[in-house]
*Asks:* 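Questions regarding the structure given below will be posed in turn.
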Amino acid sequence: MRKEIYITDYNCITPLGFNVDANWKALVEGKSGVALHKIIDNQDAFYASMIDSEKLDNEFKKFFAQNENDSFTRLEKMLFLSLQPLVERHTISEDTAFILSTTKGNISLLKNQSELPEGVYLSKLAQKIVDFFGFKTKPIIVSNACVSGVMAISVAKNMIQAGKYKDAFVIAGDELSEFVISGFNSFQAIGSGPCKPYDKNRDGINIGEAAAAVYVTSSHSDGGISQNEKFRFKVLGDSAVNDANHISGPSRTGDGLYASIRNAMTEAKVYSEQIDFISAHGTATLYNDEMEAIAFNRMELQNTPLNSMKGYYGHCLGASGLLESIISMESALHSTLLPSKNFEEMGVTQPLNIIRENQSADVKYILKTASGFGGCNAAIVLEKC
């Protein structure tokens, strides 16, 4: 019999707050982190979701020595603050995995450099965190475009089930940078205002930044699931499938996402009518939202309540899947579904049950999906225990 895998703790650092409670309160009140920010010199401001750097520094100083403040990058501070409370509450052993999800890491270190700085390598970023917190195993890095955060949970689940580790700390983070903004701007993919996932008048994404962390463990591991845990979510099924369609354009038939959802639900032994809520990717680009609508309809999930968190956080790249999984678990714990912010009029050809206002709901089974450049798609099914 395969081990049952649980998420029993989590934390996040975002423009809406530096812990989960602060984020949940802001979301219930309908607040968004998206605003106009001047990011690139000699260019107009962009709508984006950005963490206040001064608040970040002040929060970092509370937990870490003053002389360490200058030796860490902004992204590293975000990641450290997201992970720190979990490390305090759980033991790191010889059998504990450390998994980092990020798409760009310390890409900002490249600015004005003639040579490649060491810190820009993802392996160096991961090792720096491992060394600081005293992890005893070699770090694992998941960097597969915008599905990275969801896939990192899958990697933790599968490696614990395979007996490679007994538990895992999974962290995810990406920051706003000129590099990322310029890249998406070259695709003409950035929205002219706050993004509107699935809406008829959507015209592109807002980039965001965040860091998030979860603790993953097995009921059969030493230390197991304590009676003192505040919550448990079982990771029932997962899958990642590439649609091999195009370097930046998703499959017109939703093949990759459809297969990911189907596989994850098959492993979870959960049927479409049992899914209580979908935390979708919903980037507010024309092709992504349409592809998702097609895939959800192919899985007969068109009546399941669905939202995208991009209107609150923007698209946080490698952090988005993990952050949105955390918020979906909070929704289940609070029996409250959040609206898909800025959605007004259906803008996809297939029917979807998009949440329009805060609503009470008994949530047991959650489907979390993600899709990204290079044709990648991923899905996980979570069960509230």
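Note: hydrogens, waters and symmetry copies are ignored here, and every other heavy atom, side chains too, is used. When a residue number appears, it is its place in the shown sequence, counting from 1. What you see is a predicted model, and the numbers here were worked out from it, not measured in a lab.
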*Asks:* Donor-acceptor check, side chain of Glu324 to backbone of Met309, threshold 3.5 angstrom: yes or no?
*Replies:*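 No; judged by distance alone, with no hydrogens or angles, the pair does not exist.
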
*Asks:* For Arg202 and Asn342, what are the C-alpha separation, side-chain angles and deciding distance, and is it a side-chain contact (heavy atoms from CB on, under 4.5 Å)?
*Replies:* CA-CA 9 Å; Arg202 69 192 185 280; Asn342 303 326; over 6 Å; no

*Asks:* Keeping the roles fixed (side chain from Asn206, backbone from Cys195), state whether a donor-acceptor pair exists under 3.5 Å.
*Replies:*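 The answer is yes, because a donor-acceptor pair under 3.5 Å joins these two groups.
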
*Asks:* Testing Ile99, Ile140, Thr96, Val216 one by one against Tyr165 for a side chain to side chain contact (heavy atoms under 4.5 Å, CB included), which residue passes?
*Replies:*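 Among Ile99, Ile140, Thr96, Val216, the one that satisfies the side chain to side chain contact (heavy atoms under 4.5 Å, CB included) with Tyr165 is Ile140.
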
*Asks:* When you look at Thr102 and Leu317, which way does the side-chain contact (heavy atoms from CB on, under 4.5 Å) test go after all the steps?
*Replies:* CA-CA 7 Å; Thr102 184; Leu317 307 180; over 6 Å; no

*Asks:* Please confirm whether the backbone N or O of Glu345 pairs with a side-chain atom of Asp199, one donor and one acceptor, at under 3.5 Å?
*Replies:*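 Side chain of Asp199 to backbone of Glu345: a pair is present.
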
*Asks:* Could you go through the side-chain contact (heavy atoms from CB on, under 4.5 Å) check for Leu16 and Glu29 one step at a time?
*Replies:* CA-CA 11 Å; Leu16 294 181; Glu29 292 171 359; over 6 Å; no

*Asks:* Suppose we call two aromatic rings close when their centres sit under 6.0 Å apart. Are Phe72 and Phe64 close by that rule?
*Replies:*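 Centroid distance Phe72-Phe64: not below 6.0 Å, so no.
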
*Asks:* Can Glu267 and Arg2 be counted as an ion pair, charged N to O under 4.0 angstrom?
*Replies:*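 Salt bridge between Glu267 and Arg2, a charged N being under 4.0 Å from a carboxylate O: yes.
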
*Asks:* Take atom NZ of Lys31 as the centre, draw a 6.0 Å sphere, and report whether it contains more than 12 heavy atoms from other residues, nucleotides or ligands.
*Replies:*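 It does not: Lys31 NZ has 12 such atoms or fewer within range.
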
*Asks:* Pick from Glu76, Glu118, Lys124, Lys128: which one makes a side chain to side chain donor-acceptor pair (under 3.5 Å) with Asn106?
*Replies:*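 Per the side chain to side chain donor-acceptor pair (under 3.5 Å) rule, the option paired with Asn106 is Glu76, out of Glu76, Glu118, Lys124, Lys128.
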
*Asks:* Can the ring centroids of Phe80 and Phe63 be said to lie less than 6.0 angstrom from one another?
*Replies:*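 Between Phe80 and Phe63, the centre distance exceeds or equals 6.0 Å.
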
*Asks:* Compute the ring centroids of Phe184 and Phe46, then answer whether they are less than 6.0 Å apart.
*Replies:*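 When the ring centroids of Phe184 and Phe46 are compared, they turn out to be at least 6.0 Å apart.
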
